[in-house]
Amino acid sequence: MQTRAATHMISGAKLHKENEQELVVRPAGAAWLTPVLGGGLFLFLAILLVLGGRSTVLFAVMPLALAVLSVTHYPLSAQVTFDFPAQQATYTADYLIHLPRRVEVRLPLTHIARVGLRPVRFGKSHIADIILMDGSRIVVEFQRRQAEAERLVQRLVALAGTEAAPELNSPKRMAEVATTETRSVMLRELRSWGIWLLVMGGAQMIA
């Protein structure tokens with residue numbers, strides 16, 4: 001279990017293995033396309049703008065920031081496994097540029113505090129939101145695979161019948177989860193604002 005709340009995401013997810021003992025979720029396509037091709041294209045565009053002279057240097061800041069975002073925030077591969085006999089969930093992700101380059105989180109299934117299903121993008125995508133007891137969350141975006149998202153949520157919601165249910169659903173525990181979740185969101189927002197302020201400061205210095 002992590003000591004610091006974090007958000008782990010799988011985009012374009014698909015149930016690759018589904019039986020009574022195990023659920024395995026990972027991207028339906030090649031996850032490495034976003035960090036490798038996306039980062040490479042944005043970096044190439046930034047270099048072209050820099051080579052274009054003083055009049056285009058300022059415009060290179062945005063594609064350069066997008067290139068950095070692509071290679072640091074999007075994993076080359078990601079997978080989450082729910083092992084029901086062992087009562088354990090394992091999330092793994094490998095990054096091109098990240099500290100650490102491999103992220104691995106193991107936790108008991110009883111540490112899942114809440115599970116929800118929410119549509120986004122006008123109902124064209126469906127997200128299974130798995131919130132852990134420390135405020136961390138595993139966000140699984142199934143895109144148009146609504147049936148698979150519903151099956152995953154139903155399997156995890158069934159954990160409410162375990163012996164840990166009274167503790168997980170107690171007002172005190174739910175208040176703790178809400179507090180850590182709010183803190184996690186605030187830290188992400190502050191980090192995002194800090195990055196953009198640094199980018200804008202660099203752009204102003206170049207200008």
Side-chain angles (χ1 to χ4, degrees), residues 2 5-49 60-84 86 88-107 109 112 115-132 136-156 184 188 191-192 195-196 199:
Q2 292 192 170
T7 298
H8 310 290
M9 186 167 185
I10 297 181
S11 300
K14 178 180 177 59
L15 291 176
H16 281 263
K17 186 176 182 181
E18 182 180 6
N19 53 47
E20 292 298 323
Q21 288 76 36
E22 192 176 49
L23 279 177
V24 178
V25 184
R26 59 176 181 259
W32 59 268
L33 288 174
T34 299
V36 174
L37 292 185
L41 287 174
F42 284 125
L43 181 60
F44 179 71
L45 179 58
I47 292 173
L48 287 181
L49 291 172
V61 175
M62 184 61 71
L64 184 60
L66 290 174
V68 173
L69 183 67
S70 296
V71 299
T72 57
H73 284 70
Y74 292 94
L76 296 170
S77 63
Q79 176 175 303
V80 59
T81 302
F82 300 95
D83 188 339
F84 295 102
Q88 186 177 61
T90 304
Y91 172 88
T92 57
D94 294 294
Y95 291 85
L96 184 64
I97 300 176
H98 190 274
L99 290 177
R101 288 189 62 184
R102 180 176 178 83
V103 175
E104 183 170 338
V105 180
R106 296 178 181 271
L107 61 132
L109 292 180
I112 296 176
V115 182
L117 181 65
R118 53 187 174 92
V120 295
R121 300 175 188 169
F122 306 102
K124 293 183 179 180
S125 182
H126 295 81
I127 289 180
D129 202 0
I130 305 165
I131 302 175
L132 310 179
S136 298
R137 63 203 310 160
I138 300 174
V139 180
V140 186
E141 183 186 1
F142 282 92
Q143 294 182 348
R144 295 178 182 271
R145 299 180 181 87
Q146 180 179 359
E148 295 188 12
E150 290 176 348
R151 292 203 301 272
L152 173 64
V153 169
Q154 288 169 3
R155 289 290 297 275
L156 297 181
S184 177
R188 290 198 303 270
R191 190 181 301 113
S192 176
I195 292 173
W196 281 110
V199 170

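Every heavy atom of this structure was used, including side-chain atoms; hydrogens, water molecules and symmetry mates were not. Sequence positions, counted from 1, serve as the residue numbers for this chain.
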**Cation-aromatic face contact R155/F84, 6.0 Å, 45 degrees** = yes
**Item:** Interatomic distance, D129 atom CG to T7 atom OG1 [nearest 0.5 angstrom]
**Value:** 8.5 Å
**Asked** Do you know which two heavy atoms are closest between D83 and A86, and how far apart they sit?
**Response** OD1-N, 3.3 Å
**Request:** Write down the atom of T34, the atom of S70, and the distance for their closest heavy-atom approach.
**Result:** O-CB, 4.0 Å
**Message:** Take a 6.0 Å sphere around CZ of R102 and say whether it holds more than 12 heavy atoms from other residues, nucleotides or ligands.
**Reply:** yes
**Message:** Rounded to the nearest 0.5 Å, what separates atom NE2 in H98 from atom NE2 in H73?
**Reply:** 7.5 Å
**Complete:** Distance col, row Q88:CD vs L109:CG, nearest 0.5 angstrom, shows 8.0 Å
**Message:** Give me the atom names and distance for the closest heavy-atom approach of P27 to A78.
**Reply:** CD-O, 3.1 Å
**Request:** Search all heavy atoms of S136 against all heavy atoms of A6 and return the closest pair with its distance.
**Result:** OG-N, 2.9 Å
**Message:** Can you give me the closest heavy-atom contact between L64 and A46, atom names plus distance?
**Reply:** N-CB, 3.9 Å
**Prompt:** When you look at OH of Y91, are more than 12 heavy atoms from neighbouring residues, nucleotides or ligands closer to it than 6.0 Å?
**Reply:** yes
**Message:** Under a plain distance cut-off of 3.5 Å, with no hydrogens placed, do S77 and Q79 share a side-chain donor-acceptor pair?
**Reply:** no
**Item:** Beyond-backbone contact of L69 with F42, side-chain heavy atoms, under 4.5 angstrom
**Value:** no
**Fill in**
Separation between OG1 (T81) and CZ (R26), nearest 0.5 Å, reads 8.5 Å
**Asked** Out of curiosity, L96 CG to D94 CG, how far, rounded to the nearest 0.5 Å?
**Response** 11.0 Å
**Fill in**
Closest non-hydrogen contact found for L76 with A31 is O-CB, 3.4 Å
**Prompt:** Which distance, rounded to the nearest 0.5 Å, do you find between the CD1 of I10 and the CD of E141?
**Reply:** 11.0 Å
**Item:** L132 side chain near I112 side chain, heavy-atom distance below 4.5 Å
**Value:** yes
**Request:** Taking the side chain as every heavy atom from C-beta outward, state whether V24 and L15 have any atom pair closer than 4.5 Å.
**Result:** no
